[in-house]
Amino acid sequence: MTSTILVTGGAGYIGSHTCVELLNAGYDVVVIDNLSNSSPEALKRVEAITNKNVSFIEGDVRNRKLLKKVFAEHSIAAAIHFAGLKAVGESCQMPLAYYDNNLNSTLALCQEMEAAGVKNLVFSSSATVYGDPETLPLTEDLPLSATNPYGRSKLIIEEMLRDLPEADTLNKAEKPWAVILLRYFNPVGAHESGTIGEDPKDTPNNLMPYITQVAVGRREKLSVFGSDYDTVDGTGVRDYIHVVDLAKGHVCAVNNLLGNLSGKSPITGVEAINLGTGNGISVLELVNAFSTINDVPVPHELVARRPGDVAACYANADKASELLDWSTELDVDAMVKDSWHWQKTNPKGYGQ
Ligand code: NAD
Ligand code: UD1
């Protein structure tokens with residue numbers, strides 16, 4: 001029998017790519033999204049890529065009545081919770097909106113999941129929970145900290161979710177919670193079809209969408225934040241991961257929770273797992289790879305460091321391989337090629 005996965009925030013950047021991979025893997029998908037940072041067009045394109053239907057409910061995950069209805073009408077086997085606000089700078093300006101959205105959506109979802117007896121959850125966490133790392137590569141057992149309200153919201157949610165299996169033990173729950181906290185590194189790239197991709201509503205904060213908007217002529221030049229870090233060329237080093245690899249990591253997580261991962265026992269309780277490639281590359285290395293592979297110039301200038309940035313951040317991805325049988329398949333060339341394919345074919349994102 002086909003299992004149905006509830007995907008909150010499924011119209012967004014990572015959510016839409018994950019819907020494609022879930023449908024390709026044979027799962028049915030129900031999406032709840034309030035479209036606050038996405039377009040319904042993304043889900044139409046998911047359907048076109050996969051030739052399968054997505055059940056889409058436009059609404060807010062904080063709406064418990066709506067969630068109750070969704071769990072009553074669909075036989076949900078597991079949920080992936082992407083819905084949330086994600087801009088670091090904005091979170092410093094409007095922390096209450098971030099705590100409201102990110103915490104209350106998770107609370108509402110977990111309350112209605114528990115009420116419906118659905119206790120398999122995959123949560124979108126972030127490498128930001130490692131704060132300013134002292135050792136690299138980052139393993140899941142390192143100390144956690146937050147440097148801004150966005151990061152703190154992820155940290156609080158991770159902590160909150162850790163209490164659920166404890167309660168199961170006390171309550172001798174028949175069906176215990178199984179929760180996978182996926183800590184993403186830096187997602188980039190787009191589906192190879194070029195029909196879905198990242199479509200920031202305002203000026204991009206993240207590097208890759210800024211590069212593609214410069215390359216397509218929407219912005220004059222890229223500012224490279226900091227050239228005096230203790231790194232290979234002085235610019236910041238990150239672990240960029242192709243969004244399709246990231247999406248497949250979610251399918252592996254769901255497979256694990258539902259006992260569909262041969263040779264691996266399903267995770268019990270709460271496990272944090274990094275999703276990264278394990279390789280760090282610098283801003284200039286990424287910019288040069290983009291220009292060379294795509295044969296397109298990316299005018300840029302070196303400017304001061306961006307406050308709050310760390311010099312380097314990359315994953316140890318061994319745990320994902322051990323527990324989820326997952327590792328990345330797509331290299332930097334594919335990342336820059338697919339990012340450019342999406343941007344070039346959709347110069348205004350979904351808004352054209
Ligand atoms: P995104 O903004 O493209 O997707 C989030 C989706 O959730 C959007 O479609 C938005 O409309 C929806 N949404 C927001 N609040 C909602 C609510 N209350 N109810 C219903 N829908 C709501 O972001 P993304 O890049 O796809 O990120 C997905 C998740 O992954 C987020 O939780 C984000 O914090 C996390 N994450 C992202 C990155 C990244 O670099 N993109 C890195 C680490 C973690
Ligand atoms: C940012 C967030 C982090 C979040 C992650 C993924 C901050 C401080 N951190 O991380 O919480 O989990 O995105 O969404 O915002 N860069 C430039 N020019 C630009 C943009 C970026 O040089 O116009 C550089 C940055 O200095 C950094 C690298 O590119 O060295 C990557 O930046 P970005 O894409 O914003 O991701 P992070 O800073 O890693």
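The shown structure was predicted, so the numbers you read here are calculated from the model rather than taken from an experiment. Both ligands and their constituent atoms are indexed starting at 1 by order of listing.
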Chemist: Just heavy atoms, cut-off under 4.0 Å: does Leu207 contact ligand 2 by side chain, backbone, both, or neither?
Modeler: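 Near ligand 2, Leu207 shows its backbone as well as its side chain.
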Chemist: Side-chain heavy atoms nearer than 4.5 Å, only ILVMFWY residues, links allowed to pass through others: does that put Met335 and Val283 together?
Modeler: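 Met335 and Val283: one cluster.
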Chemist: In terms of atom number and element, which parts of ligand 2 are under 4.0 angstrom from non-hydrogen atoms of Val224?
Modeler: 22 (O)
Chemist: I need the atoms of ligand 2 closer than 4.0 Å to a non-hydrogen atom of Arg238, numbered in the order shown.
Modeler: 27 (C), 30 (O), 31 (C), 37 (P), 38 (O), 39 (O)
Chemist: For the residue pair Thr128 / Ser126, report whether a side-chain donor-acceptor contact shorter than 3.5 Å exists.
Modeler: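 There is no such pair between these side chains.
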Chemist: If you measure from each heavy atom of Ser223 to ligand 2, is any distance below 4.0 Å?
Modeler: yes
Chemist: Would you check ligand 1 and list the protein residues that come within less than 4.0 Å of it by any heavy atom, ordered by chain and number?
Modeler: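 If the criterion is a heavy atom under 4.0 Å, then ligand 1 touches Gly9, Ala11, Gly12, Tyr13, Ile14, Asp33, Asn34, Leu35, Ser36, Asn37, Ser38, Gly59, Asp60, Val61, Arg62, Phe82, Ala83, Gly84, Lys86, Asn101, Ser124, Ser125, Ser126, Tyr150, Lys154, Tyr184, Pro187.
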Chemist: Got the closest protein heavy atom to atom 14 (O) of ligand 2, with its distance?
Modeler: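 Here the closest protein heavy atom is Asn206 ND2, 3.8 Å.
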Chemist: Would you please classify the geometry between the Tyr184 ring and the Phe82 ring as parallel, tilted or perpendicular, with 30° and 60° separating the classes?
Modeler: tilted
Chemist: Within a distance under 4.0 Å of any heavy atom of Asn205, pick out the atoms of ligand 2 and give their elements.
Modeler: 20 (C), 35 (O)
Chemist: Does the N or O separation between Phe225 and ligand 2 drop below 3.5 Å for any pair?
Modeler: yes
Chemist: Given Asn186, Ile14, Thr147, which has its nearest heavy atom closest to atom 36 (O) of ligand 2?
Modeler: Asn186
Chemist: To check your reading of the model: name the closest protein heavy atom to atom 9 (N) of ligand 2, its residue, and the distance in Å.
Modeler: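 I find the closest protein heavy atom is Val88 CG2, 3.6 Å.
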Chemist: Please compare Ser126, Ser282, Ser125, Gly89 and report which has the shortest non-hydrogen distance to atom 4 (C) of ligand 2.
Modeler: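 Shortest heavy-atom distance from atom 4 (C) of ligand 2: Ser126.
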Chemist: If you have a sec, work out which protein heavy atom is nearest atom 25 (C) of ligand 2 and how many Å separate them, to one decimal?
Modeler: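 Checked against all protein heavy atoms, atom 25 (C) of ligand 2 sits closest to Asp309 OD2, 3.4 Å.
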Chemist: Distance alone, cut at 3.5 Å: any donor-acceptor contact between the side chains of Tyr99 and Arg152?
Modeler: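 Result is yes, a qualifying pair exists.
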Chemist: Polar contacts were defined as any N/O atom of the residue lying under 3.5 Å from an N/O atom of the ligand; does this apply to Arg306 and ligand 2?
Modeler: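 There is such a contact, yes.
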Chemist: Within the 4.0 Å heavy-atom shell around Gly236, which atoms of ligand 2 are there?
Modeler: 30 (O)
Chemist: Could you tell me whether a side-chain N or O of Arg162 sits under 3.5 Å from a main-chain N or O of Gly269, the two making a donor and an acceptor?
Modeler: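 Checking the backbone N and O of Gly269 against the side chain of Arg162, no donor-acceptor pair under 3.5 Å is found.
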Chemist: So, does Asp245 use its side chain to make a donor-acceptor pair with the main chain of Glu329 at under 3.5 Å?
Modeler: yes
Chemist: Is there any N or O on Tyr210 that sits under 3.5 Å from an N or O of ligand 2?
Modeler: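 No, no N or O pair falls under 3.5 Å.
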Chemist: List every atom of ligand 2 that sits less than 4.0 Å from any heavy atom of Tyr240, numbering the atoms from 1 in the order shown and giving each element.
Modeler: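 Result: 28 (C), 29 (O), 31 (C).
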Chemist: Does an N or O anywhere in Asn148 fall below 3.5 Å from an N or O of ligand 2?
Modeler: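 By distance alone, the answer is no.
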Chemist: Can you sort out which atoms of ligand 2 are near Val283, meaning under 4.0 Å from one of its heavy atoms?
Modeler: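 This gives 22 (O), 24 (C), 28 (C), 29 (O), 30 (O) as the contact atoms.
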Chemist: Has Tyr130 got any heavy atom lying under 4.0 angstrom from an atom of ligand 2?
Modeler: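 The answer is no, since Tyr130 has no heavy atom less than 4.0 Å from ligand 2.
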Chemist: Hey, would you say the Trp177 and Phe123 ring centroids sit under 6.0 Å apart?
Modeler: no
Chemist: Find out whether Lys337 and Asn294 are in side-chain contact, i.e. whether some heavy atom of one side chain is under 4.5 Å from a heavy atom of the other.
Modeler: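 When only atoms from C-beta onward are counted, Asn294 and Lys337 do touch, with a gap below 4.5 Å.
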Chemist: Dump the intermediate steps for side-chain hydrogen bond (donor to acceptor under 3.5 Å, both in side chains) on Asp239 and Thr277, then the final yes or no.
Modeler: CA-CA 6 Å; Asp239 186 341; Thr277 64; 2.6 Å; yes
Chemist: Are any of the N/O atoms in Val237 less than 3.5 Å from those in ligand 2?
Modeler: no
